[in-house]
Amino acid sequence: MGSVAMDSDYGAPRELSALQKARALYQPDLPPCLQGTAVRVEYGDTATAADVAGAHVISQAFPHTYGQPLAHFLSKTANVPDATIITEHPVVRVGIVFSGRQSPGGHNVIWGLYDAIKAHNSNSKFIGFLGGTDGLFAQKTMEITEEALSSYKNQGGYDMLGRTRDQIRTTEQVKAAMATCQALKLDALVIIGGVTSNTDAAQLAETFAELKCPTKVVGVPVTLNGDLRNQFVETTVGFDTICKVNSQLISNVCTDALSAEKYYYFIRLMGRKSSHVALECALQTHPNMVILGEEVSMSKLTIFDITKQICDAVQARAEKDKYHGVVLIPEGLVESIPELYALLQEIHGLHNKGVSVENISSSLSPWASALFEFLPPFIRKQLLLHPESDDSAQLSQIETEKLLAQLVEIEMNKRLKEGTYKGNKFNAICHFFGYQARGALPSKFDCDYAYVLGHVCYHILAAGLNGYMATVTNLKSPVNKWKCGAAPITSMMTVKRWSRGPAASQIGKPAVHMASVDLKGKAYELLRQNSSSFLMEDIYRNPGPLQFEGSGAETKPISLCVEDQDYMGRIKQLQEQPSEHHAKTVPSECWSRVLGLRHILVVCIICLSETTVLIGPLLNICCVLGVFSSRRILEQE
C-alpha cells in the first residue's frame, strides 16, 4: 500500500483571497424535502438493473444489496400515508473519504453532510480520512468541525482531506477498510467519486452486509468527466464548473484565432473515455469542429479518416479565405480509433506479461509493429506508458491533438505540392486543457448540488440504507423543485459481455460503467443541427469567466437543460396514478412486450450468426433495444 504523507497540511486553514472569502460566505439553499429535523422517506419499487440480461449475474454477485427499493425523501407537506417518518436521531459516527480525481464542489458534499449531521444531533461525530483511500486503510483521520470547514466552503480542490489511489478493490484493501470502520465504530462510510469509486462502494457495502459489519456504505456522484449518468443520476458534481472554466479558455482562443486569422488551434479536453466535456464545451463556445469519440467509434473511423475530415474542412474554409479555426478533441479519442485502441490493447497485454518497456516494440505483432513505427516518436513513447488501474491508457499523457495536427500538416503540404490545395500554408497550435480546471472555484450550481447531496447522504444514513447512491433529479429547475432520493448502486450496474484484449478479464464482472455520449440524445442533436454553421461561419460564442452573482450565475450545462431526464420524478408520478390504471411496478404487459422483443432478437441473432464470437456484442444491442423499447412502451402507457 502507498504511504500517506502525514506532514501534509490537510485541513489546515487556508489563506483566502477577497473572492474566496465572499464565496465562503455563500449559503446554498435546500429543497423542501431536506428541510426540518424529521426525515420522511417513501420506499418505491424494487430497483433492478436496466441491463436485463445481466440482472441475474448482478444479483448473484450482490445477494445482500441487489433488489433493494428506491427511496424518495419527502417534504413535510407531502401527503403520503405510507411514508416512514424518522424523528429520533441518535448519536452517529460517520466517516468520509475522497476516492476520485479532484472535482470542483467536492468540499461542499462534506459541508452539507456536516450540517445535516449536526442539525439532527449535535453530539454526533464526523470523521474525514486524510490522503484518500490510503488514509482510510491506514486509519489516518481528522474530525470535521465548523472551524476546519470554514475556509473550505464553496472552494475548489480536495486539499481539505486529500486523495491518493482511488480504489478499494483488492481483498487486502477491503479488509483494511472494514478494520478501520470497526475500529472507529462507524455507522456509515461515505465515498465521494465517479464510476470506479462507486463500483468499489457497492462491493464494500455487499462485503459489509455479508460479514455483518454494521457500517453502511453510501456513494456520492462526483466526477468532472460527467460520465456517471443513468436513469437515476442526471449529472455529476464538478462537470458544470469544468465545462465553464474550459469554455472560457476555448472562447478566448477562438477570439485569438479570429484576430490573427492564421492559426488552427487543436485543443484536447479532459473527460476520460467519454466525450461529455467536449460536447458541452462545443455547445457553449461554437468551435469550428469537435471530434467526439462516440462518433468515431460508431463510424469506425481510422486516424487517416479523421485526418482527411479535418483536411477537407481546412480546404473548404481556405476557399472562403479563412486560414484559422478551432478544433476540440476529447482525451479519450485515442481509445475510440480502432487501430490505435487495438495497438494499445496489445501494448497493455505485453505490460501485463511483464515485458519491459524497452522490449515492447520488438514484441508487437507485425501489423501492430508497422502502425507503431508509422507514429511519431513522441506518441510512441506515450503509448508505452503503463496503463491505469482500470486497464485504460494514461489518456491525459497521450497528446492526440499534436498527432492530429502533425498528420493534417503533412497532408495539407502534400495537397499543396500536388496542386489540389492552393491556399496558404497550414499552421497549428496545440493545447491540452486538463489540470487547469480541476481546482477551480466551483460554480453556483456545483456548490448547490454538492451541498444538497451531502444532506441526502444523512437522510440515507437515517433511513438505515446500505449500498445506495445519493441522487437529486429535476436539476434543470430551481433548487426548491429538486427531488431528492437514493438508488441502490447495484441497479446502475451493467455486465460486459464482450471485449478485446486484456480488458476481456472484465467480462462478466458487474460494474457501474462510464456512460457514453448518447448519439440519439437532444444535446448531440443540437450540435449536429449547428455543425455546418459552426464549421464555416465563425459564430464563436464567449460565455466569459465563471459568474457567481447575477443572471450568469444561474446558468447550468446546456446538455443537462435540453434533455428530459427526471426519471425518478416520472416513477413518482406513475406511482401516484390510480392503482387500477397503473400498478406500483412497471406494468407486466409492458415488460412482456419488451422481453418478447429481446427474445425474438436473440433467437434471430443466434440462428443467423455464423460465428459465436458475434453473439456477445449483439446481445448488448438487444439489451439496448430492450431498454429503448421499454421507454417507448412506458410513454405509450
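These numbers were taken from a predicted model, which means no experiment stands behind them. Just so you know, these numbers use all the heavy atoms, side chains as well, and skip hydrogens, waters and symmetry mates.
- A heavy-atom distance below 4.5 Å is not found between the side chains of T84 and E42.
- With hydrogens and angles disregarded, a donor-acceptor distance shorter than 3.5 Å links the side chain of Y449 to the backbone of T235.
- For the pair V456/Y468, no side-chain contact is recorded, criterion being any heavy-atom separation below 4.5 Å from C-beta on.
- Under a cut-off of 6.0 angstrom, the local environment of NZ in K118 is crowded, with over 12 non-hydrogen atoms contributed by other residues, nucleotides or ligands.
- L74 contributes atom CG, which lies 10.5 Å from atom CG of N79 (distance to the nearest 0.5 angstrom).
- One distance of note links OG1 of T473 with CH2 of W482; it measures 10.5 Å at 0.5 Å rounding.
- Of all the heavy atoms in P442 and T241, the pair that sits closest is CA-OG1, 3.5 Å.
- Minimum interatomic distance between E234 and L475 (heavy atoms only, all atoms of both residues): OE1-N, 3.1 Å.
- Checking side-chain atoms of T471 against main-chain N and O of A487 turns up no donor-acceptor pair under 3.5 Å.
- When side chains are defined from C-beta on, P32 does not count as touching F73, because their heavy atoms never get closer than 4.5 Å.
- No side-chain heavy atom of E563 sits less than 4.5 Å from a side-chain heavy atom of P557.
- Between L130 and T141 there is no side-chain heavy-atom pair separated by less than 4.5 Å.
- Taken from CE in M492 to OG1 in T199, the straight-line distance is 10.5 Å, to the nearest 0.5 Å.
- Put simply, CZ on F239 and CG on D446 are 10.0 Å apart, with the number rounded to the nearest 0.5 Å.
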What do the steps show when you test F129 against K140 for side-chain contact (heavy atoms from CB on, under 4.5 Å), and what is the final call? CA-CA 6 Å; F129 290 100; K140 303 300 182 184; over 6 Å; no
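- Rounding to the nearest 0.5 Å places NE2 of H276 at 5.0 Å from CZ of R229.
- Exactly one residue among N108, D29, D115 makes a side chain to side chain donor-acceptor pair (under 3.5 Å) with Y451. That residue is D115.
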CA sep, side-chain torsions, deciding dist, call: V217, F208, side-chain contact (heavy atoms from CB on, under 4.5 Å): CA-CA 8 Å; V217 182; F208 283 10; 3.7 Å; yes
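- For the pair N466 (side chain) and A205 (backbone), a donor-acceptor distance under 3.5 Å is present.
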Indicate every side-chain donor-acceptor pair of residues 91-104 with a distance under 3.5 Å to a residue at least two apart or in another chain.
from: R93; atom 1: NE; to: L184; atom 2: O; distance (Å): 2.7
from: R93; atom 1: NH2; to: L184; atom 2: O; distance (Å): 3.2
from: S99; atom 1: OG; to: S197; atom 2: OG; distance (Å): 3.1
from: R101; atom 1: NH2; to: E388; atom 2: OE2; distance (Å): 3.4
from: Q102; atom 1: OE1; to: R163; atom 2: NH1; distance (Å): 2.6
from: S103; atom 1: OG; to: L224; atom 2: N; distance (Å): 3.1
from: S103; atom 1: OG; to: V237; atom 2: O; distance (Å): 3.0

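- Proximity of V174 to L204: side-chain heavy atoms (C-beta onward) are separated by under 4.5 Å at one or more points.
- Residues G293 and S275 approach most closely at N-OG, 3.0 Å, considering heavy atoms.
- V190 approaches C457 most closely through the heavy-atom pair CG1-SG, 4.0 Å.
- A heavy-atom distance below 4.5 Å is found between the side chains of I242 and V277.
- Contact check on E143 versus K125 returns a salt bridge, with a Lys/Arg side-chain nitrogen under 4.0 Å from an Asp/Glu carboxylate oxygen.
- Checked by atom type and distance alone, the side chain of N230 pairs as donor or acceptor with a backbone atom of F232 at under 3.5 Å.
- Looking only at distances, a side-chain donor or acceptor of T236 sits under 3.5 Å from a matching main-chain atom of T223.
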Just do the side-chain contact (heavy atoms from CB on, under 4.5 Å) check on H72 and V41 with the steps written out, would you? CA-CA 6 Å; H72 305 274; V41 56; over 6 Å; no
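- Checked against side-chain hydrogen bond (donor to acceptor under 3.5 Å, both in side chains), T77 has the following partners two or more places apart in sequence or in another chain: S75.
- By the 30° and 60° cut-offs, the orientation of the rings of Y458 relative to H120 is parallel.
- Taking OG1 of T48 as the start and CD of Q68 as the end, the distance is 13.0 Å to the nearest 0.5 Å.
- Looking only at distances, a side-chain donor or acceptor of T215 sits under 3.5 Å from a matching main-chain atom of L186.
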Evaluate the side-chain hydrogen bond (donor to acceptor under 3.5 Å, both in side chains) criterion for residues E210 and H64: first the C-alpha distance (whole Å), next the side-chain angles of each, then the deciding distance (0.1 Å), finally the verdict. CA-CA 7 Å; E210 181 185 355; H64 299 86; 5.2 Å; no
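- At distances below 3.5 Å, at least one donor-acceptor pair connects side-chain atoms of D518 with backbone N or O atoms of K520.
- N198 has its side chain out of reach of I191: every pair of non-hydrogen atoms, C-beta onward, lies at least 4.5 Å apart.
- Remark: the backbone N or O of L136 is not paired with any side-chain donor or acceptor of T133 at under 3.5 angstrom.
- In this structure, E294 contributes its side chain and V517 its backbone to a donor-acceptor pair below 3.5 Å.
- A salt bridge links K153 with E146: the distance from a Lys NZ or Arg NE/NH1/NH2 to an Asp or Glu carboxylate oxygen falls below 4.0 Å.
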Would you check, one step at a time, whether the test side-chain contact (heavy atoms from CB on, under 4.5 Å) holds for I144 with I127? CA-CA 6 Å; I144 308 291; I127 297 164; over 6 Å; no
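- C33 approaches H459 most closely through the heavy-atom pair O-NE2, 3.8 Å.
- Side-chain N or O atoms of E206 include none that pairs as donor or acceptor with a backbone N or O of A202 at under 3.5 Å.
- When every heavy atom of M493 is checked against every heavy atom of I58, the shortest pair comes out as O-CD1, 3.6 Å.
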